[in-house]
Amino acid sequence: MPNYRIRLLAIALLASTSAAHAASCDAGFQIVGDARNGQVYIAQVTVPGLAVDSALGQVRAGAVREKFVVGNDLITPKKGTLYLVANSANPPLVVLTTAEAGGQVSLRTRLAPGQTMTPENARTAMCGLLNSLKPGKEGAAIAAAARSASGTDKVIDIDAVSLSVALEKESEATQRSLNASGLKGAFTGKMAPHAGYQPMQIRFLGQRLRIDGQVYTVTVDPLDRKTVEVAYLVTRKKGVLRLREGRDSNRANYAVECTLADDQSALAGTLRPNDWVTLAGTVDDVGPSRVHLRDCRQAN
């Protein structure tokens, strides 16, 4: 009899937890703004004990099942973000996932002006992803499996000049598209630092890169001596003789920059302009004129 009662209690607790999640998400679901301007849809839930990386990995698993295109995780000690794209919508729908320490997880999207979505369908889809989140080992296992299947932990090897050239071309193409469409502003006020550059951000934010090249500058933050920025030399080879541009032209090219991890102080003290260095880090900013990586460490 005692075992029977324990099983009943466990079932009751699971049921009440699930209901609480659903009630919390459904009750807090928001539709903000006028459809003529592009409404903002917001869903959020709090799952005590849910880690940031586990939350994003589980959202990834659910989004893949729902046929979203999923970007890379961008995780800091206290917060993480993840972009989801529904290409079935016209225009494609971009959803930002935000997870914070303490178990708060939110989904946020903005429709294009005049684009509509049934509120019930939006609530069901967004809260469906959030209500499935699980804390502890079970959730962590789901997240790990989703990341393994997606290959998001893969590190891409590239040299600084090639990265600069590729992203400069993509940035220029994006700008031409924006100029043609007259699009101004990001799809939410605070979701992206560079208006209209969501496609680049979706592809590259959170991407792990191993970059080889020469140093352009090494800069120490005067307010925080531990923060050291390394900018790569990204001058091109031009003309029939393939002569490299002078250092003075570096600022005219798409910048590749990296903040060294705190444990790289010994490396920082050895780097000088024109030195060769291979650094591995995570993209935390990409936009019109530069790509930036954080937590960079010597990789060769």
Side-chain angles (χ1 to χ4, degrees), residues 52-53 56 71-83 147-148 150-171 192-194 197 199-237 244-300:
V52 169
D53 59 343
L56 295 186
N72 300 294
D73 299 336
L74 180 58
I75 300 175
T76 66
K78 295 184 179 181
K79 185 176 180 179
T81 58
L82 175 67
Y83 281 104
R147 289 197 182 89
S148 177
S150 66
T152 57
D153 290 336
K154 180 180 179 181
V155 180
I156 296 176
D157 287 287
I158 191 168
D159 67 86
V161 176
S162 296
L163 179 62
S164 173
V165 170
L167 291 183
E168 185 172 282
K169 289 180 178 178
E170 187 161 346
S171 176
H194 308 298
Y197 279 78
M200 287 183 68
Q201 294 176 333
I202 291 164
R203 287 182 56 204
F204 292 102
L205 284 178
Q207 180 65 64
R208 298 174 63 194
L209 301 176
R210 185 183 294 112
I211 304 174
D212 183 58
Q214 288 179 275
V215 173
Y216 175 54
T217 58
V218 179
T219 307
V220 179
D221 188 330
L223 299 179
D224 179 4
R225 303 293 296 179
K226 292 182 179 180
T227 301
V228 180
E229 293 277 350
V230 175
Y232 276 96
L233 190 65
V234 291
T235 51
R236 319 295 201 240
K237 291 182 179 179
R244 193 164 187 178
E245 301 169 324
R247 285 178 55 85
D248 291 343
S249 66
N250 200 74
R251 295 184 185 278
N253 297 314
Y254 194 94
V256 177
E257 302 171 348
C258 209
T259 298
L260 295 183
D262 290 344
D263 59 9
Q264 296 296 290
S265 57
L267 172 66
T270 69
L271 293 178
R272 300 290 183 271
N274 295 324
D275 282 354
W276 289 91
V277 66
T278 304
L279 298 173
T282 302
V283 176
D284 66 352
D285 185 37
V286 60
S289 60
R290 74 156 192 171
V291 60
H292 182 272
L293 290 80
R294 63 172 175 81
D295 294 333
C296 292
R297 292 179 168 83
Q298 184 175 7
N300 56 342

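Just so it is clear, the values below take in all heavy atoms, side chains as well, and ignore hydrogens, waters and symmetry mates. In this chain, residues are counted from 1 in sequence order.
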Q: Report the distance from atom NZ of K226 to atom CG of D221, rounding to the nearest 0.5 Å.
A: 12.5 Å
(Q) Within this structure, what is the CD1-CD1 distance for the pair I156 and I211, rounded to the nearest 0.5 Å? (A) 10.5 Å
Q | Considering all heavy atoms, the nearest A268-L260 contact | A | CB-CD1, 3.7 Å
(Q) Can a donor-acceptor pair be found, under 3.5 Å and without considering hydrogens, that links the side chain of Y83 to the backbone of L205? (A) no
Q. Does the N72 side chain pair with the main chain of L82, one donor and one acceptor, at a distance under 3.5 Å?
A. no
Q.
Tell me the closest heavy-atom pair linking G287 and M200, and the distance in Å.
A. O-CE, 4.1 Å
Q: Could you list all the disulfide bond (SG atoms under 2.5 Å apart) pairs where at least one residue sits in residues 254-300, not counting sequence neighbours?
A: C258-C296
Q. Does Q264 use its side chain to pair, donor to acceptor, with the backbone of Q298 at less than 3.5 Å?
A. yes
Q: Could you tell me whether the side chain of T235 and the main chain of N250 form a donor-acceptor pair under 3.5 Å?
A: no
(Q) To the nearest 0.5 Å, what is the distance between CG on L163 and CG on L293? (A) 8.0 Å
Q: Quick one: which residue pairs count as a salt bridge (charged side-chain N to carboxylate O under 4.0 Å, His left out) with a foot in residues 207-220, not counting sequence neighbours?
A: D157-R210
Q) If every non-hydrogen atom of T152 is compared with every non-hydrogen atom of S150, which pair is closest and at what distance? A) CG2-OG, 2.9 Å
Q: Identify the heavy atoms of F204 and E170 that sit nearest to each other, and give their distance.
A: CE1-OE1, 3.7 Å
Q: Kindly write out the residues that satisfy salt bridge (Lys or Arg N to Asp or Glu O under 4.0 Å) with R294, not counting sequence neighbours, or none if the list is empty.
A: none
Q | Atom pair CG (D159) and CD (Q214), whose distance is rounded to the nearest 0.5 Å | A | 11.0 Å
Q: Compare all side-chain heavy atoms of D295 with those of T282 and state whether any distance is below 4.5 angstrom.
A: no
**Q.** Contact check, side chains of L267 and L279, non-hydrogen atoms, under 4.5 Å
**A.** yes
Q) Among T259, T217, T219, whose side chain to side chain donor-acceptor pair (under 3.5 Å) with E229 holds? A) T259
Q: Show your reasoning for whether side chain to side chain contact (heavy atoms under 4.5 Å, CB included) applies to H292 and D284.
A: CA-CA 6 Å; H292 182 272; D284 66 352; 2.8 Å; yes
Q. Restricting to pairs with a member in residues 247-261, which pass salt bridge (charged side-chain N to carboxylate O under 4.0 Å, His left out), not counting sequence neighbours?
A. E257-R290
Q) Taking only residues two or more places apart in sequence, or in another chain, which ones meet T81 in a side chain to side chain donor-acceptor pair (under 3.5 Å)? A) none
**Q.** All salt bridge (Lys or Arg N to Asp or Glu O under 4.0 Å) counterparts of E245, not counting sequence neighbours
**A.** K238
Q: Taking all heavy atoms of Y254 and all of P288, pick out the closest pair and write down the distance.
A: CE1-O, 3.4 Å
Q. So, S249 versus R236: side-chain donor-acceptor pair below 3.5 Å or not?
A. no
Q. Of all heavy-atom pairs between N253 and S164, which one has the smallest distance, and what is that distance?
A. CB-OG, 4.4 Å
(Q) Tell me whether R147 contacts the main-chain N or O of D53 through its side chain, where contact means a donor paired with an acceptor under 3.5 Å. (A) yes
